[in-house]
Amino acid sequence: MRMHFHHAITNVAASIGAVIAISTASQKGGVGKTTLCINLAYSLARRGWRVLLVDTDPQGGVGLSLAKSTKSREGFYEYLVRGGDLARLVVTTRLPELEVMPAGQYDTCARSGWAIHEAPQRLADLLRAAELRGLDVVLFDTAAGLNGMSETVVKACDFVILPQQSEPLAIRSVPHMLETLARFRAEGAGVKVAGILLTMVMREHEMSLRVARELREMLPANLMFQQSIPRLPSFLDASALGVPVALTRRNPPPEALIFDQIAADLEQRTGMAAQRERNQPHASLLD
Ligand SMILES: Nc1ncnc2c1ncn2[C@@H]1O[C@H](COP(=O)(O)OP(=O)(O)OP(=O)(O)O)[C@@H](O)[C@H]1O
Ligand SMILES: [Mg+2]
């Protein structure tokens with residue numbers, strides 16, 4: 001009986017494939033990480049991926065408005081301290097493919113004398129639990145800065161997306177960011193840069209466009225996402241509601257489509273698209 005059970009688990013694991021862990025990161029605060037996470041998680045879920053959006057920012061309020069119920073105040077930090085059943089700490093949303101793990105209470109860690117060196121193992125446990133839950137992608141929103149918890153989270157991921165404001169400082173801060181990530185890899189982390197994504201681009205503004213152009217010239221081809229996120233008031237409205245921009249109106253505004261394109265690009269960059277092909281070898285016959 002026992003062997004039978006074990007066998008079944010192995011089969012499930014083989015059919016679902018490994019979960020892909022993706023994090024955002026930025027040196028500076030307020031560059032649009034959380035906005036990206038909420039909108040990208042939504043687009044990926046709409047495209048059929050089973051997504052868990054994890055808020056690792058103690059100040060963060062990701063997705064509680066996305067959730068069907070906000071009664072759970074526990075989340076990521078409780079998981080770090082106690083581990084345990086992932087299902088208890090994730091909240092469902094109106095999209096069946098999208099689940100959210102709120103940040104929970106950072107104080108839980110502080111009070112319990114928990115130490116950050118325990119975090120890598122817990123993160124590995126979280127990803128394994130997500131895999132057994134049948135999830136395809138775990139997307140981590142991080143606090144600004146590449147130290148402390150954000151460093152630990154990025155190091156635990158397969159890929160990191162770097163949102164970058166289109167401002168003159170970017171010419172210096174992007175190389176610095178890439179050096180930091182190279183150091184993480186030298187220290188043994190497997191994390192790869194999925195891409196640099198320009199945010200809050202003012203499409204009519206000469207400076208904003210010039211920085212975008214200079215960055216594209218300066219960086220290796222394809223390191224930057226083709227798409228960029230424009231600065232628009234609709235993103236402020238969406239943040240105030242805590243929802244993806246697609247859900248702010250009955251008919252999604254055009255900027256919602258940008259995240260579908262970013263999601264499609266990300267699928268190529270991370271190998272998710274190839275994984276889908278492998279899992280659905282006959283899809284083309286059914287189209
Ligand atoms: N493309 C955009 N256009 C206009 N406003 C935006 C855009 N993206 C984000 N914002 C606004 O800028 C502010 C910061 O965005 P957001 O919270 O996504 O950044 P963040 O990088 O997560 O910040 P933090 O580092 O504090 O976590 C929010 O008020 C948000 O509504
Ligand atoms: Mg944020």
Side-chain angles (χ1 to χ4, degrees), residues 22-44 52-67 75-77 100-106 138-154 157 160-167 169-170 173-174 176-177 180-181 193-205 207-209 211-212 215 224-249 252-263:
I22 304 172
S23 154
T24 53
S26 74
Q27 212 53 268
K28 245 182 59 170
V31 302
K33 292 181 296 300
T34 301
T35 301
L36 171 67
C37 281
I38 292 176
N39 286 283
L40 180 61
Y42 181 80
S43 282
L44 286 168
L52 174 62
L53 173 57
V54 180
D55 190 357
T56 73
D57 182 354
Q59 310 286 320
V62 159
L64 279 183
S65 353
L66 268 178
F76 179 67
Y77 285 97
V100 175
M101 184 184 242
Q105 306 294 308
Y106 178 69
V138 181
L139 187 60
F140 293 93
D141 189 18
T142 54
L146 259 182
N147 43 33
M149 185 53 70
S150 297
E151 171 175 352
T152 306
V153 169
V154 167
C157 284
V160 59
I161 304 174
L162 304 175
Q164 172 64 52
Q165 262 176 288
S166 194
E167 59 184 12
L169 197 64
S173 57
V174 167
H176 181 243
M177 194 77 182
T180 305
L181 288 160
V193 178
I196 294 166
L197 180 62
L198 285 179
T199 61
M200 304 198 200
V201 176
M202 292 186 274
R203 291 207 162 142
E204 308 297 316
H205 195 262
M207 178 65 85
S208 192
L209 296 174
V211 170
L215 275 177
M224 281 172 72
F225 280 87
Q226 275 304 316
Q227 306 78 13
S228 57
I229 302 173
R231 181 189 285 274
L232 292 170
S234 55
F235 287 108
L236 276 171
D237 299 338
S239 306
L241 295 167
V243 297
V245 74
L247 292 181
T248 50
R249 299 190 217 148
E255 52 273 26
L257 290 178
I258 296 170
F259 294 95
D260 296 339
Q261 292 164 1
I262 294 169

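Just so you know, ligand 1 is whichever comes first in the structure, and atom 1 is the first atom listed for that ligand.
Few gaps surround CD on Gln261; more than 12 heavy atoms of other groups in view lie less than 6.0 Å from it.
Of the protein's heavy atoms, Ser239 OG, 3.4 Å lies nearest to atom 30 (C) of ligand 1. From the protein, the heavy atom lying nearest to atom 23 (O) of ligand 1 is Gly30 N, 3.0 Å. Protein heavy atom at the shortest distance from atom 4 (C) of ligand 1 is Leu232 O, 3.1 Å. Regarding atom 9 (C) of ligand 1, its nearest protein heavy-atom neighbour is Thr35 OG1, 3.3 Å. The single protein non-hydrogen atom nearest to atom 27 (O) of ligand 1 is Asp57 OD2, 3.6 Å, given as residue, atom name and distance. In terms of protein heavy-atom proximity, atom 19 (O) of ligand 1 is nearest to Gly32 N, 3.0 Å. From the protein, the heavy atom lying nearest to atom 10 (N) of ligand 1 is Met200 CE, 3.8 Å.
With a heavy-atom cut-off of 4.0 Å, Thr199 does not touch ligand 1 at all. Counting heavy atoms closer than 4.0 Å to ligand 1, residue Pro230 contributes backbone atoms (N, CA, C, O) but none from C-beta onward.
Residue contact check for ligand 1: Ser234 places no non-hydrogen atom closer than 4.0 Å to it.
Put simply, Thr142 stays out of reach of the Mg ion (ligand 2), with no N, O or S atom under 2.8 Å from it.
Looking at Val31 next to ligand 1, an N or O pair under 3.5 Å apart turns up.
With distances taken over non-hydrogen atoms, the option nearest atom 21 (O) of ligand 1 out of Lys28, Arg231, Gln59, Lys33 is Lys33.
Taking a distance limit of 4.0 Å, we find that atom 13 (C) of ligand 1 is approached by no protein heavy atom.
Separation of atoms CZ (Arg231) and CZ (Arg203) is listed at 13.0 Å; rounding is to 0.5 Å. Here the straight-line distance linking atom CD1 of Ile38 with atom CG of Leu247 works out to 10.5 Å at 0.5 Å rounding.
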